[in-house]
Asks: 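Once you've had a glance at the structure underneath, I'll fire off some questions.
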Protein chains: 2
Amino acid sequence: MELDDRKRKILLAIIQNYQETGEPVGSRTISKMDDLNYSPATIRNEMADLEEMGLIVQPHTSAGRVPTDKGYRLYVDNLLKTDETSLTVSEAQLPGTHMEQLLSKRMDRVEEMLMRMAQILAANTQYTSMVTGPHYKRNKLKFIQMSAMGSGKLLAVIVLNGNIVKNNILDIGADLAPEVLTNLNFCLNNNLNGLSIEEINLALITKIKEEAGEYADVAAKVLDAVAGAFDKEDSVPVYTSGATNIFKYPELADNGKISDLINVLEEKSELGTTLGHVAEGESKQDIQVYIGDEVPVDSMKDCSVVTATYQMGDGVQGKIGIIGPKRMDYQKVVETLKATMSQLDGIFMKPEE
Amino acid sequence: MELDDRKRKILLAIIQNYQETGEPVGSRTISKMDDLNYSPATIRNEMADLEEMGLIVQPHTSAGRVPTDKGYRLYVDNLLKTDETSLTVSEAQLPGTHMEQLLSKRMDRVEEMLMRMAQILAANTQYTSMVTGPHYKRNKLKFIQMSAMGSGKLLAVIVLNGNIVKNNILDIGADLAPEVLTNLNFCLNNNLNGLSIEEINLALITKIKEEAGEYADVAAKVLDAVAGAFDKEDSVPVYTSGATNIFKYPELADNGKISDLINVLEEKSELGTTLGHVAEGESKQDIQVYIGDEVPVDSMKDCSVVTATYQMGDGVQGKIGIIGPKRMDYQKVVETLKATMSQLDGIFMKPEE
DNA sequence: TGTTAGCACTCAATTAGCTGGAGTGCTAAC
DNA sequence: GTTAGCACTCCAGCTAATTGAGTGCTAACA
């Protein structure tokens with residue numbers, strides 16, 4: 001069967017009405033709309049066709065229609081218009097929401113900024129938001145600074161591009177003389193600065209150890225710390241906000257399900273490994289929409305999730321996502337994400353080299 | 001009216017039975033207990049007295065009895081036995097729960113440790129847990145390390161006692177020569193190390209600025225950063241875990257209330273300012289029990305909260321707390337907290353000077 | 001005097017039956 | 001192709017009846 005223009009309009013009307021009310025929408029409701037001036041009976045015929053195509057269903061015999069996952073998919077892929085105008089619209093929308101406050105004051109602490117970003121997104125959309133911390137794998141080392149802490153301990157501060165700072169307290173057993181420390185600092189910085197984790201290979205490690213001479217074991221410990229700073233692949237920090245927004249949508253407010261959902265949001269780790277994973281070769285502009293069963297998290301099979309990739313500095317990237325009911329306002333969510341992306345890029349790109 | 005031994009036993013029985021079932025307990029149930037071999041009628045007479053004393057109530061005329069806040073208060077203050085034996089009991093209990101894993105491996109990152117502690121507490125008790133980060137006010141400065149980052153930026157690493165590390169990126173407009181940096185580092189460390197925030201007064205600040213000479217403004221910025229490292233009084237980090245455990249207790253699972261509750265747990269800030277506040281002159285051994293209306297958080301008026309103060313290093317302290325239904329197992333909770341405290345003190349006290 | 005058996009009573013929770021309304025599918029007429 | 005009409009279905013909300021757990025009170029008993 002073919003999806004002609006009228007059917008398309010009816011499907012759109014059903015989706016929009018259901019979005020607002022959360023109730024199944026009947027033929028009478030639609031026939032009263034301005035641009036669909038047909039009798040309920042006609043609408044019913046069309047709806048029967050749409051149901052046959054698997055785009056809508058009725059929860060029970062004498063109820064109105066509700067979009068199916070497939071219906072939403074069609075909507076998102078074809079019917080949703082995210083043309084040029086949309087960006088300017090949402091940019092005009094955002095100022096009301098403290099976004100510019102966040103963006104004007106460039107925060108030095110990345111974590112805090114991401115957390116606040118999650119909060120703003122949740123407040124803006126009235127859905128639940130998720131922001132993963134950046135993946136460091138492809139990031140580069142800016143510099144290393146070691147300081148003596150006394151009692152055989154060394155503080156290693158590792159700074160990556162994007163001003164991401166990692167601290168590490170190393171236990172090296174004995175205190176080093178200041179000039180030894182200076183030399184070691186120089187040696188490490190000289191050899192490592194500007195490199196990514198892949199570029200630190202065995203040859204280089206051997207070279208550093210040789211240069212460190214009798215302090216080779218200290219150098220080795222520092223290198224471990226450097227690897228540790230990069231290697232957060234399996235434990236990316238995830239920030240969420242607005243978890244309680246899901247209580248607003250009765251179709252999700254079933255007590256058993258809501259508990260599972262909030263649990264996943266609290267644990268965060270599952271979010272990081274599934275939704276937070278940045279696919280290889282993924283373009284920055286890509287926005288992923290997961291609808292219902294498509295969501296790769298079990299407890300969210302009744303939800304939809306929209307994610308986008310953000311970029312900060314060189315090869316450092318993460319995900320932001322919105323989690324809401326399947327009848328979420330995809331238009332608004334996609335626009336909000338796009339606007340956030342473009343503004344984020346603005347902050348991060350400028351002050352870095 | 002006097003609370004004789006039999007009445008006490010009956011109250012205890014009601015509290016314990018209600019703890020397990022969550023249902024109002026009737027006279028028949030109690031008369032079947034081993035050490036209370038009276039007829040239901042006798043028990044009823046006693047229960048009527050207990051009700052008159054305000055220790056129990058019946059939710060409706062033909063229901064069993066439920067303890068009141070006042071009843072729980074009496075229980076916690078007098079009937080609860082937390083004698084010497086209890087500590088060893090709970091210590092024997094904890095090993096099954098990864099606690100020793102956490103404690104054996106001394107984590108260098110304080111935040112991560114506190115977060116995992118919250119997780120373990122929640123898993124252990126099946127209630128919701130809360131851990132506030134330490135208050136730094138009375139802590140002391142261990143040392144400061146500044147490094148040049150290029151393009152007019154300076155990285156200031158501030159280490160407090162207890163190996164709490166703070167990073168700060170300062171924008172000073174121009175790059176400093178290495179020897180200037182060395183001198184500045186020396187000057188600051190020389191003047192500040194070992195001091196608490198209160199001890200850094202105007203006279204000292206003036207002295208430092210004089211020593212810094214033409215770099216007085218840089219020194220001022222560093223001092224601001226130091227103050228910032230200490231002054232987290234109003235934004236103590238709070239870690240929570242097991243929020244979804246409250247779904248297990250039907251008396252809390254009302255959809256409106258549970259949303260408010262989880263919201264507070266998610267926001268965290270209110271927890272920090274009320275429950276997280278360490279009272280002046282509070283002894284380390286003190287354990288606070290808030291029952292129902294006593295809880296200083298609005299959305300928790302149907303809950304009970306038990307908190308304890310932990311100590312790490314010199315004057316650095318924070319709170320850990322358990323949030324659960326009023327019918328929580330106070331015995332177990334108090335024991336778990338005490339055991340955690342004593343083990344925590346063990347870790348923090350030993351490796352520090 | 002303390003304890004207990006008996007009985008009438010109360011009230012929440014469950015169940016069954018009823019009704020109204022919203023919505024549908026189908027058919028026949030326009 | 002569109003529409004009016006009609007029989008049908010099913011949910012939601014209401015009421016009434018039933019059940020069961022538990023109580024308070026009184027009178028008898030040890």
Side-chain angles (χ1 to χ4, degrees), chain A residues 1-11 13-15 17-18 20-68 71 250-251 253-254, chain B residues 1-11 13-15 17-18 20-68 71 250-251 253-254:
Chain A
M1 191 164 323
E2 211 203 340
L3 190 73
D4 60 26
D5 196 54
R6 193 167 71 179
K7 284 190 175 55
R8 204 174 297 128
K9 268 188 187 165
I10 292 177
L11 177 59
I14 292 175
I15 288 178
N17 193 283
Y18 184 60
E20 290 160 22
T21 64
E23 306 262 295
V25 6
S27 53
R28 255 181 69 82
T29 315
I30 290 188
S31 90
K32 271 183 288 190
M33 290 179 170
D34 285 349
D35 55 341
L36 284 165
N37 257 324
Y38 300 94
S39 81
T42 310
I43 305 291
R44 278 205 289 281
N45 287 332
E46 296 288 51
M47 296 213 296
D49 290 350
L50 285 171
E51 181 154 17
E52 207 176 314
M53 287 186 254
L55 300 174
I56 54 179
V57 275
Q58 36 189 343
H60 55 87
T61 330
S62 72
R65 302 311 211 282
V66 164
T68 60
E251 67 265 43
D254 168 61
Chain B
M1 190 161 324
E2 211 205 341
L3 191 74
D4 60 26
D5 196 53
R6 193 167 72 181
K7 284 189 175 57
R8 204 173 297 131
K9 267 189 187 164
I10 293 178
L11 177 58
I14 293 175
I15 288 179
N17 192 283
Y18 184 59
E20 290 161 20
T21 64
E23 305 262 294
V25 5
S27 52
R28 256 182 69 82
T29 315
I30 291 188
S31 91
K32 271 183 288 191
M33 288 178 172
D34 284 349
D35 54 342
L36 285 164
N37 256 323
Y38 300 93
S39 80
T42 309
I43 305 290
R44 278 205 290 279
N45 288 331
E46 296 287 52
M47 296 211 298
D49 291 349
L50 286 172
E51 181 153 17
E52 208 177 311
M53 288 187 257
L55 300 175
I56 56 178
V57 275
Q58 34 189 343
H60 55 87
T61 328
S62 72
R65 302 307 212 285
V66 165
T68 61
E251 67 265 41
D254 168 63

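The basis for the numbers below is simple: all heavy atoms, side chains too, and nothing from hydrogens, waters or symmetry mates.
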Asks: Measure all distances between protein nitrogen or oxygen atoms and nitrogen or oxygen atoms of nucleotides 11-21 of chain D, and list the pairs falling under 3.5 Å.
Replies:
none

Asks: Tell me the interatomic distance from B:Ile43, atom CD1, to C:dG2, atom P, rounded to whole angstroms.
Replies: 15 Å
Asks: Find out whether A:Asn17 and A:Ile30 are in side-chain contact, i.e. whether some heavy atom of one side chain is under 4.5 Å from a heavy atom of the other.
Replies: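 No, side chains not in contact.
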Asks: For D:dG24, give the paired nucleotide (Watson-Crick: N1-N3 plus N6-O4 or O6-N4; G-U: N1-O2 and O6-N3; both under 3.5 Å), or none.
Replies: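 Because both required distances fall under 3.5 Å, D:dG24 counts as paired with C:dC7.
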Asks: OP1 or OP2 of D:dA4 less than 4.0 angstrom from a side-chain nitrogen or oxygen of A:Arg44, does that happen here?
Replies: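 Checking D:dA4 against A:Arg44, no side-chain N or O comes under 4.0 Å of OP1 or OP2.
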Asks: Rounded to whole angstroms, how far apart are CE on A:Met47 and C1' on C:dG25?
Replies: 11 Å
Asks: Name all residues meeting the salt bridge (charged side-chain N to carboxylate O under 4.0 Å, His left out) criterion together with B:Glu251; count only those two or more places apart in sequence or in a different chain, and write none if there are none.
Replies: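 Result, salt bridge (charged side-chain N to carboxylate O under 4.0 Å, His left out) vs B:Glu251: B:Arg327.
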Asks: List, one per line, each side-chain donor-acceptor pair under 3.5 Å for residues 42-59 of chain A, sequence neighbours excluded.
Replies:
unit_1  : atom_1 : unit_2  : atom_2 : d
A:Thr42 : OG1    : A:Ser39 : OG     : 3.2
A:Arg44 : NH1    : A:Ser27 : OG     : 3.3
A:Glu46 : OE1    : A:Lys7  : NZ     : 3.1
A:Glu46 : OE2    : A:Arg6  : NE     : 2.7
A:Glu46 : OE2    : A:Arg6  : NH2    : 2.9
A:Asp49 : OD2    : A:Lys7  : NZ     : 3.4
A:Glu51 : OE1    : A:Arg65 : NE     : 2.9
A:Glu51 : OE1    : A:Arg65 : NH2    : 2.9

Asks: Reading DNA chain C from 5' onward, which residue's closest nucleotide shows up sooner: B:Thr61 or B:Asn37?
Replies: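 Its nucleotide being nearer the 5' end, the pick is B:Asn37.
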Asks: Is any side-chain nitrogen or oxygen of B:Arg28 closer than 4.0 Å to OP1 or OP2 of C:dT4?
Replies: no
Asks: Can you work out whether B:Pro40 or A:Glu51 has the more 5'-proximal nearest nucleotide on DNA chain C?
Replies: B:Pro40
Asks: Taking only the side-chain nitrogens and oxygens of B:Arg65, find out if one of them lies under 4.0 Å from OP1 or OP2 of D:dT23.
Replies: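 For D:dT23, OP1/OP2 do have a side-chain N/O of B:Arg65 under 4.0 Å.
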Asks: Contact class for A:Thr42 (heavy atom, under 4.0 Å): base, sugar-phosphate, or nothing?
Replies: base
Asks: Do any side-chain nitrogens or oxygens of B:Gln58 fall under 4.0 Å of OP1 or OP2 in C:dC11?
Replies: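 Checking C:dC11 against B:Gln58, no side-chain N or O comes under 4.0 Å of OP1 or OP2.
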